[in-house]
Amino acid sequence: MKRFFGNLNFTVGFILSAVVVVVAAISLIWTPYDGNKMNPRERLQGPTWSHPLGTDQYGRDTLSRVMTGAVNSIIVGLVTVAIGLTIGVLLGLASAYYGKLVDESIMRLSDLLFGFPAVLTAILITSILGASMINAMLAIGIFYIPVFARLTRAVAMTVWEREFIAAARASGISEWSITWRHVVPNILSPLLIQGTIQFAVAILAEAGLSYLGLGTQPPTASWGRMLNEAQTFMSMSSWMAIFPGVAIAWAVLGFNLLGDGLRDTLDPRMVRVR
Amino acid sequence: MKKLFFITLVLALIFPLHLAFAETPVSGGSLVVCQPAEPPGLNPTANTAAAIDRVVYSNIYEGLIKVNSGGEFVPGLATKWDVSSDGKGYTFRLRKGVSFHNGEPFNAQVAKWNIERAMAEGTVNPHPEFFRGIAKIETPDNDTLILTLKEVDALFIAHMAEGDAVMLPMKGYENAASEPIGTGPFKFVKWIRGDRVEMVRNEKYWNPKLPYLDKVTFKFIGDASAQVAALKAGDIDVIGYILAPELASQMAKDSRFKVFAGTTTAEVIMSTNNKAKPFDNKLVRQAMACAIDRQAVIELVMFGYGTPIGSHWSPSTPYYVDMTEKFPHNPKKAKQLLAQAGYPNGFEASIKLPAIYSYSKRAGEVIADQLGHVGIKLEIEIVEWGYWLDRIFKQKDYQLTMIGHSEAWDIGIYANPNYYFQYDSQEFRDAYAKALKAPNEAQKAKWFGRCQEIIAEDAVNGFLFSASGLPAMKAEVMNWWENYPTIALDCTEVWIKK
């Protein structure tokens, strides 16, 4: 533990992300108001005691919406990383183990997917499948598959070359159980680091898609959508844009720093390089 | 004191102040007009999209009759028209010496050809029914066109003034959708897809005094804030109609710009598929009508720039009857009606909102909230415009949607059971037929009123509001239409103050 908290990146990142997670957890049980309830008489307010972050154009409480928006962002982060991690790791392991044609085809497919910019791919996928939060998650998740596949392949290949693997082979353990008992545990830390960073990227990508109207559909609160809706009200009530914007920056910074901190502490080689 | 008053009065009589302020238009200059939607083509006789009419109506193309800024039917290519005593014969005197932009002359033969083309079997005209009541077309000479109708048609003149009835040249008509050739005050120059349509002054226009402008460019900017930013930066001179009403109130405060909160013919409605469950039940539709608070909708969606409606008829159109009290906002009654209909706990349904129109997305969210209070849970899905036209408008694959119907005199769509509302009522069809055949004003008022009442009573759709056009422009743009009595952004008489 001391090793982790001695690292500034990790400490700041941990605190920022913990706030996001705690706020999201609280919002599941309690928010100051119903974030979807419209109240024409109280619309476009700045921060007041009754509405600490103000209200939007329908008089909905911004604090409540930012809080439920955090749940939305975390779900997106978890699901997309889960999709990318599960499929990517399996493909990466297969690639590293079988080599030759299997490796070639998986890696060339990854290159193909990598050829398109991430958000552009996501826009393409959501416009084919239709705009919804699930499709947005699917789009981001699909883009994550080659990220994890490549990483897994690279580290798994070095692990396969290690002496303890040769020892395990010599003792007659099946290849299958070598993979699960010796290879996978040894590639966990780079995957964890990558996963945390992709989590932050997913939050940003979902905000971007929702801003374009391709992600979360109304009335569900999403930080990206809130920014989009605030656009035409900028000169009347800039608060509407500021708070969801701060929320996005906060969460993305938090998970990025957390990822950096994890890398510094778990991957000593990287520290030496720096 | 008395003396002072007297002197003032004399001075006022001597100096006609109003004349000093009435400005004479000056010629010259170019104007950039912005509208949100790019038209799918530039031929209003082949496609019903309002974006087409906004670019070409009275600018490039003209019909026999035009609608002016006051909503009156005024001479276009016909200088006058007489109606026979039985109400079936129309004699049009055509304007002499008019030629199309490509040099082809306009005469009675051309007019006849255009009308025959519109009513022909397999026509591309979106409204052939406007013309199919014509029994006989005669052209006794080059400047006279006599149309004889099968039956009296109260809307015949109104229909002849629509974009569907503009005149195309007999030779140069084939490329009308991409290179329009008309008789209007402006000649088409080029259309840069995705960006703008350019047109220049027609030097041979039949009215030698018009137009005042040398050049007009229609620029397509879909985003509300981008439009306003472009106007403030001076890239455009006019926003045809502001998309985000909250921006209108800010623009109006700025002395460099002016905004008109005029009327339009557009009715914003929650279109309802009358054949989809549970909306095939009249009680359900009436319950929804009671659950809607129109004033709140106008306030939240339009920032107050709109007039509530209770039927499919804009308050700016003649024979309007106020039906907003038929189902006033009453959530309690809405719940009772739902219970009567067999849904005491409400139900779930989906509403599809076209992404292109922010008023529609907003109204959808507000309505979803209001219906939620009586137990009707709406799932919102935002769809692309192409999807909307194809899946909702053509294939009728929807439960609820939200859209503005911008045409005037369009209540006839309720007489068509295959229209996307899928509303089928013999009672309405009879009333509409009687309205069309009404021999006098009193009968017209009676039957058009009855039409409005029947669809209000049946709560065919959620009737919400008639929107303001909210054109915004630089202060030096003069003569822009304050109200939009027809679908047009007519630049004929617009001029720029130097």
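Just the heavy atoms: all of them, side chains too, but no hydrogens, waters or symmetry mates, feed the values below. Note on naming: letters A, B, ... go to the chains in the order of the sequence lines (proteins, then strands), and numbering restarts at 1 for each one.
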Whatever's closer than 4.5 Å to a heavy atom in chain A on B:A368 counts as neither
To the nearest 0.5 Å, atom NZ of B:K361 lies from atom CG of A:N228 at 6.0 Å
Do B:F303 and A:M236 come within less than 4.5 Å of each other through their side chains, counting heavy atoms only? yes
Are the side chains of A:Y58 and B:V366 in contact, using a 4.5 Å heavy-atom criterion?
yes
Report task. State, with a plain yes or no, whether a side-chain heavy atom of A:Q57 is found less than 4.5 Å away from one of B:E246. Result -> no
One option among B:H373, B:Q370, B:Q250 has the most heavy-atom pairs under 4.5 Å with chain A, and it is B:Q250
Residues of residues 43-54 of chain A with a heavy atom under 4.5 Å from any heavy atom of chain B, in residue-number order, are A:R43, A:L44
B:W388 CH2: over 12 foreign heavy atoms closer than 6.0 Å: yes
Applying a strict 4.5 Å limit to non-hydrogen atoms, the region of B:E365 in contact with chain A is both
Whatever's closer than 4.5 Å to a heavy atom in chain A on B:L300 counts as both
Whatever's closer than 4.5 Å to a heavy atom in chain B on A:Q217 counts as side chain
Margin query: Can you confirm whether A:F14 is buried at CZ, in the sense that more than 12 heavy atoms of other residues, nucleotides or ligands lie under 6.0 Å from that atom?
Written below: no
Between B:L247 and A:T232 the two heavy atoms that sit nearest each other are CD2-O, 3.2 Å
- request: Might you confirm whether atom CD1 of A:I134 has over 12 heavy atoms from other residues, nucleotides or ligands at distances under 6.0 Å?
  value: no
Quiz item: Counting heavy atoms not belonging to A:F116, are there more than 12 under 6.0 Å from its CZ?
Solution: no
Within residues 378-387 of chain B, contacts to chain A at heavy-atom distances under 4.5 Å involve B:I380, B:E381, B:I382
Rounded to the nearest 0.5 angstrom, the CG-CE distance for B:D293 and A:M38 is 12.0 Å
